[in-house]
Amino acid sequence: MPRNTSINSVLIIGSGPIVIGQACEFDYSGSQAALSLKEEGITVSIINSNPATIMTDKVVADHIYLLPLTCESIEQILKEQKIDAVLPTMGGQTALNLCIEASNIGLWEKYNVQVIGVDVAAIEKTENREEFRQLMIDIGVGVAPSKIANSFLEGKEAAQEIGFPLVIRPSYTLAGTGGGFVHKKEDFDAALNRGLHASPTHEVLVEQAVLGWKEFELELLRDTNDNVIIICTIENFDPMGIHTGDSITVAPGMTLSDKCYQDMRNQAIKMMRSIGTFAGGCNVQFSVNPENEDIIAIEINPRVSRSSALASKATGYPIAKIAAKLAIGYNLDELQNQITQNTSAYFEPTLDYVIVKVPRFNFDKFKGANKELGLQMKAVGEVMAIGRTFIEALQKAAQSLETGRAGLGADGKQLRNLDEIMYSLEHPSADRLFHIKDAFELGVPLESIRKATQIDKWFLVQIQELVQLEQELRRYQLSNIPRDFFMTLKQKGYSDEQISWLLGNVTEDEVYARRKELGINRVYKMVDTCAAEFPAHTPYYYSTFEDENESIASDKKKIIVLGSGPNRIGQGIEFDYSCVHGLLAAKECGYESIMVNCNPETVSTDFNMADKLYFEPVFWEHVREIIELEKPEGVIVQLGGQTALKMAERLEKLGVKIIGTSFQDMDLAEDRGRFSDLLKELDIPYPKYGVATSAEEAIKVANEVGYPVLVRPSYVLGGQGMSIVINDEDLEKAVVNLLKNLPGNQILIDHFLDRAEEAESDSISDGEDVHIIGMMEHIEPAGIHSGDSYAVLPPFELSQAVQDKMEAYSIKLAKALNVRGLLNIQFAIKGENVYVIEANPRASRTVPFIAKAYDVPYINIATKVMLGANKLKDFTIERKLEGWAIKEPVFSFSKFPEVDKQLGPEMKSTGEAIRFIKDLKDPYFRELVLKKSMFLNAQ
C-alpha cells in the first residue's frame with residue numbers, strides 16, 4: 001500500500017531532557033524519523049525542550065518548538081500549524097504519556113489530528129500491569145504468577161498468596177522507577193510503599209521473581225498488512241534481576257536453542273498483533289528458564305526504545321526511519337534496504353559478527369549511592385563494540401568505557417581480595433564483569449562463579465579462556481612470541497597495552513612495532529545487514545584481525561572527527577550535537593568526513609551521517625590505525641569533549657595535524673597552574689592560587705591563599721574531583737583522596753570567592769577576530785558547577801561594565817591561547833570585579849543551548865573556521881532571540897534517594913531543558929531571581 005496521502009504534516013514529540021533511563025537514543029530516533037518523513041515531502045514539526053539535541057535543529061525538521069512537554073504547548077502548536085498526524089513513538093515514555101494525556105482531554109479530536117505509529121487505546125494494555133498480564137493469558141503467552149495491588153493491604157495479600165522472593169513492578173513508570181526485588185518478608189512493607197508511591201496511578205504488580213532465568217529482547221517492526229519482522233534478538237549477559245539498561249547485552253543471542261528461538265519469535269509476533277492495529281516498531285522482553293527453556297513475557301513497549309537504537313547500530317537496519325514510513329502507510333516490501341540498496345526492508349538482518357553493549361555508570365558522582373544493580377536503571381550511558389567473536393567484542397567494549405581500562409583486565413587494575421570479589425559476584429555492580437575475570441585469575445572454579453552470578457556457563461567459558469591465554473603469553477618475551485599466537489591474542493580483543501602489561505618491561509609502542517613487523521594488521525569489515533549475501537553501499541565499518549580489508553581509503557582530502565564515547569555526567573549529548581555539525585561542515589567544505597565513535601545512542605553514529613563511519617572505541621590503538629589507513633588532512637578533537645581531547649598529545653607526537661587550536665595551547669588552558677600563570681601575565685584578575693603535589697604542600701598553599709579554598713586536579717571535565725574546603729584537616733583528606741586516584745597529578749588550590757556571582761562566555765576565534773557568541777549569567781553562585789546551574793542568556797542583572805570586562809577578557813584570552821575555533825570561559829563576579837576561573841578551548845555544553853536560543857549554527861561556523869575554510873568576517877550572523885533564554889539543569893536523584901543532593905563544584909545533573917521568557921516580570925523568572933538573591937545572601 002502506498003503512503004497515506006492525507007498526511008502532509010506530522011508532529012513528532014520528543015523525550016525532553018536527558019535523565020537516567022531516557023537518554024540520547026531518542027534524539028537519534030526522532031532525528032531519523034523526521035528525516036524519513038521529510039523524504040516523503042511531509043512537513044515535520046518537532047516539540048522537545050532539550051536544546052542539546054540534533055532533532056531540535058533546522059537540519060532535521062521544518063518547524064522546531066523548544067517548549068515544555070505539556071498539553072498547553074501541544075495546543076499552541078496545533079493552533080499555529082495545520083498538523084495532520086502526531087507520531088509519539090520516537091520520544092520514549094515521556095512522549096507516549098503526553099500523547100495519552102492529550103488524547104484524554106480531546107486535543108487530537110478537537111484539531112482533527114490522527115495518532116500514527118501506535119494504537120493509543122492499546123497503550124493501556126502495555127502500561128497497566130494487570131491488563132498486560134490478562135492479555136498475555138488470553139493469547140496463550142506465559143507470564144509469572146502475579147497479582148495487582150492498588151493499596152498496601154492488597155499488596156500484603158498478594159505477597160502472602162505468591163510467596164517470596166517477589167518483584168514489585170509499578171505501573172506507568174520509566175526505567176523501572178520504584179520497582180525492585182524483595183527476598184525477605186521483613187523488607188516487603190518498605191518496598192511496597194515505594195512502588196505504590198512511584199506509580200502515578202498508585203498501582204503495582206506483585207510478581208513471582210524468576211531470579212536466575214535468562215533475559216532476551218526482540219525488536220520488531222509491523223506494517224499495515226500485519227506483516228511483522230524481527231530486526232534483532234538481544235541476549236542479556238546478566239540474568240533476570242538486573243534492568244536491561246544496566247545489563248551487558250549481546251546480539252545475536254548466543255545461548256538459545258533453535259526451538260526456543262523460534263518459539264520466542266512466534267510469541268513476540270503474537271504479542272505485537274494483540275495490542276492494536278498500528279504500524280511501527282515494538283520492543284518485547286522475555287525471560288527463559290535455563291533448565292527447560294520455558295518462556296514467560298516480561299513486557300512489551302509499543303514504541304522505539306533504548307534497545308531500538310542499539311539494534312539499529314548493531315544490524316545497520318534503520319528502525320526509526322522505517323518505522324516512520326510504516327506509520328504513514330507504507331508496507332515493508334515497498335521500502336528499500338538503504339545499505340544494500342537492492343533488497344527490501346522486509347529482509348530480516350543477518351549478522352556475521354557479534355555486538356556487545358556494556359553500560360557506563362557514574363556512581364562517583366553520587367557519593368553514598370547504593371551501587372548494587374537491580375530493577376531500577378542506574379547507568380548513565382553505554383558503549384557498543386563489534387567483533388568477529390563475543391570475546392573480541394567484549395574486550396573492545398571494555399576499552400570503550402572511558403574508565404581507564406585497557407580491556408577485560410590484564411592492565412594492572414585487577415582486584416585481588418577474594419572476599420571482595422565473591423561479594424561483587426553475588427551483588428552485581430558496575431565492576432562485576434571485571435571481577436569475574438579477577439575470580440578466574442585467582443583460581444575460583446567456573447561452577448562457583450556460575451552459582452554466584454547465575455550467568456550462563458557459555459559466557460563464563462569465554463572469559464576463562466582469556467586467563468589461560470595470559471598464562472601462556474607469560475612464557476614468552478616480545479621477540480619470540482609465535483606469529484600465530486600473537487594473531488590469536490589480537491583476535492581475542494587484546495590491546496597492545498594489555499600485551500605490554502602482561503609481558504612487563506616493554507612499552508605499548510614496542511608491542512605495536514613488533515606486531516607490525518609480523519604483519520599483524522587491523523582490517524575493517526563492513527556492517528551490511530546481510531552477511532555479505534548482497535553487495536553493500538554504505539561505508540559503516542568495524543575492525544578485526546583477518547586477511548581481507550573491506551575499507552578502501554579514497555584519495556580525497558579527509559577530516560576525522562573523534563566522538564565523545566559513552567554518555568556520562570559532564571559529557572553528554574551536547575558533544576554529539578557538536579560532532580554531527582562538525583561532520584556536516586567538513587562535508588560542506590569539500591572534505592570526506594570520517595566519524596570514529598562507539599556510542600550506539602547517538603546521531604553521530606548513524607551510518608548515513610558521515611561519509612565514513614568507524615564504529616570503534618575512541619581508544620588510542622584503534623584511532624591510530626584508522627588514521628594510518630585513511631591518512632587524513634587532520635583530526636578534529638575540539639568537538640568530542642574530554643574523550644577526544646585526551647588524544648591530542650599522542651596525535652601530535654605521531655605527527656598528526658590537530659584541526660583548530662593546537663595541542664600546546666589546549667594543554668595550557670587545561671593545566672590549571674600554567675593557566676593561572678598566563679592570567680597573571682595578561683593582567684587578568686583571578687583568584688589567588690597555588691599548585692601542590694602532596695598534602696603538606698597543599699596545606700602550605702591554602703594558608704597562603706586563605707580559606708575557603710577550591711581543590712581540583714588539572715585536566716578534568718564536569719568538575720570531577722573538585723571540592724571546597726575550609727580547614728587544614730578537610731584539605732588533607734581531599735588531597736590524599738585525589739592523589740590516590742590521580743597519582744603524580746598536580747593539585748590546584750584556589751582561594752574560593754564566597755558570595756560571588758558566576759557567569760560564562762562562549763566565543764569563536766579565527767586567529768584574528770573573536771566573536772562572542774553568548775554571555776550567560778548564572779542563578780546559582782560561584783561554587784556550584786556551571787552544568788548544575790540555571791543560566792540566563794543574555795545576562796539580566798550584570799552591569800554593562802561587568803559585561804564589557806567579560807568580553808574584553810574573552811578576546812584577550814582567545815588571542816593569547818591562539819584559539820582557532822571555540823572557547824568557553826567561566827567568571828566569578830564580586831561587585832564590579834570580574835575574575836576568570838577557567839577557560840576551555842573546545843566545544844562546551846552551553847554552545848548548543850546558545851545556538852538554539854539565537855538560532856545561529858555556531859558549531860558549523862566554528863568548524864569552518866577551524867578548517868581554515870572561512871574567516872569570521874565571511875559570515876553574516878543574525879541573532880533572533882526576543883527576550884531571554886534559560887538553561888534549566890535536570891537531575892536524576894530519584895534513582896539514588898540515599899545520596900546527598902546538595903550541589904557543589906562537581907557536576908551532578910544528567911541533562912538540561914530550555915525555556916524562553918519575554919518579560920523579566922514573568923512569575924517563573926521572578927522565582928529564579930529570588931532564588932539567586934537567597935543563594936548569595938545565605939553564603
Side-chain angles (χ1 to χ4, degrees), residues 18 24 52 360-362 364-365 380-383 399-405 560-579 582 595-599 602 604 617-620 622-623 635-652 658-672 674-675 712-722 738 741-742 745-746 748 760 762 785-788 817 819 821-826 837-848 859 862 905-911:
I18 301 298
C24 64
R360 175 63 156 85
F361 298 88
N362 247 153
D364 53 314
K365 296 286 187 178
V380 295
E382 61 188 38
V383 299
Q399 292 154 14
S400 302
L401 281 171
E402 298 282 324
T403 56
R405 303 305 300 254
I560 290 178
V561 177
L562 294 184
S564 54
N567 280 15
R568 58 262 199 208
I569 293 175
Q571 182 153 312
I573 190 174
E574 62 276 359
F575 294 108
D576 188 62
Y577 170 91
S578 300
C579 287
M595 186 71 213
V596 182
N597 204 5
C598 55
N599 187 336
T602 59
S604 69
V618 189
F619 181 81
W620 173 244
H622 294 272
V623 171
V635 176
I636 295 179
V637 299
Q638 231 183 85
L639 304 178
Q642 203 70 26
T643 299
L645 284 177
K646 285 191 293 192
M647 295 278 173
E649 183 175 8
R650 298 182 85 165
L651 289 169
E652 183 177 80
I658 294 171
I659 301 296
T661 308
S662 70
F663 162 71
Q664 289 89 349
D665 291 315
M666 286 191 290
D667 189 62
L668 174 55
E670 289 281 321
D671 186 327
R672 306 302 185 188
R674 290 171 59 213
F675 176 67
R712 52 182 171 165
S714 291
Y715 308 101
V716 298
L717 188 71
Q720 186 78 24
M722 288 190 188
L738 280 177
N741 297 317
L742 299 161
N745 202 348
Q746 291 186 328
L748 190 67
E760 59 187 309
D762 279 286
H785 191 279
S786 60
D788 289 348
L817 289 169
V819 171
L822 294 153
L823 175 66
N824 170 270
I825 302 176
Q826 293 173 32
I837 301 173
E838 64 179 69
N840 300 296
R842 55 169 171 80
S844 69
R845 74 181 54 81
T846 47
V847 174
I859 296 290
E906 192 165 348
M907 185 173 167
K908 294 181 180 179
S909 63
T910 53

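Side-chain contact between F663 and L651 is absent, with no heavy-atom pair separated by less than 4.5 Å. In this structure, T403 and R360 have side chains that are in contact, with non-hydrogen atoms separated by less than 4.5 Å. In this structure, the side chains of M666 and I658 come closer than 4.5 Å at one or more pairs of heavy atoms. Side-chain contact between I837 and E760: absent, with no pair of heavy atoms (C-beta onward) separated by less than 4.5 Å. With a 4.5 Å cut-off on side-chain heavy atoms, V637 and L645 count as touching.
A donor-acceptor contact closer than 3.5 angstrom links the side chains of R568 and T643. Side-chain contact, E652 with Q664: a donor N or O sits under 3.5 Å from an acceptor N or O.
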**OP:** Show your reasoning for whether side-chain contact (heavy atoms from CB on, under 4.5 Å) applies to T661 and L817.
**Re:** CA-CA 8 Å; T661 308; L817 289 169; 5.7 Å; no
Subject >> Verdict with supporting geometry, C579 and N597, side-chain contact (heavy atoms from CB on, under 4.5 Å) >> reply: CA-CA 10 Å; C579 287; N597 204 5; over 6 Å; no
Subject >> Evaluation steps, side-chain contact (heavy atoms from CB on, under 4.5 Å), between Q826 and N840 >> reply: CA-CA 9 Å; Q826 293 173 32; N840 300 296; 4.1 Å; yes
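The two residues G582 and I859 have their closest heavy-atom pair at N-CG2, 4.1 Å. Taking all atoms of both residues into account, the shortest heavy-atom contact from P848 to Y577 is CG-CD2, 3.5 Å. When all heavy atoms are compared, the tightest approach of F575 to G641 is CD2-N, 3.5 Å. Across all non-hydrogen atoms, the minimal contact from C598 to G565 is SG-CA, 4.0 Å. Nearest heavy atoms, Q638 versus I659: NE2-O, 4.4 Å.
Note that CG of L562 is 12.5 Å distant from NZ of K646, once rounded to the nearest 0.5 Å. Between D667 atom CG and F675 atom CZ the span is 13.0 Å, to the nearest 0.5 Å. Atom CG of residue D665 and atom CG of residue L823 lie 11.0 Å apart, to the nearest 0.5 angstrom. One finds the CD atom of E382 at 8.5 Å from the SG atom of C24 (value rounded to the nearest 0.5 Å). Atom OG1 of T910 is separated from atom NZ of K365 by 12.0 Å, given to the nearest 0.5 angstrom. With values rounded to the nearest 0.5 angstrom, M647 atom CE is found 11.5 Å from I560 atom CD1.
Remark: side-chain polar atoms of N599 are not paired, donor with acceptor, to backbone N or O of V383 under 3.5 angstrom. With hydrogens and angles disregarded, a donor-acceptor distance shorter than 3.5 Å links the side chain of R845 to the backbone of G570. Using a distance-only test at 3.5 Å, with no hydrogens or angles considered, no donor-acceptor pair links the side chain of N362 to the main chain of V380. Between the side chain of S909 and the backbone N or O of G787 there is at least one donor-acceptor pair closer than 3.5 Å.
Exactly one of L639, N824, L822 qualifies for a side-chain contact (heavy atoms from CB on, under 4.5 Å) with V847. That residue is L822.
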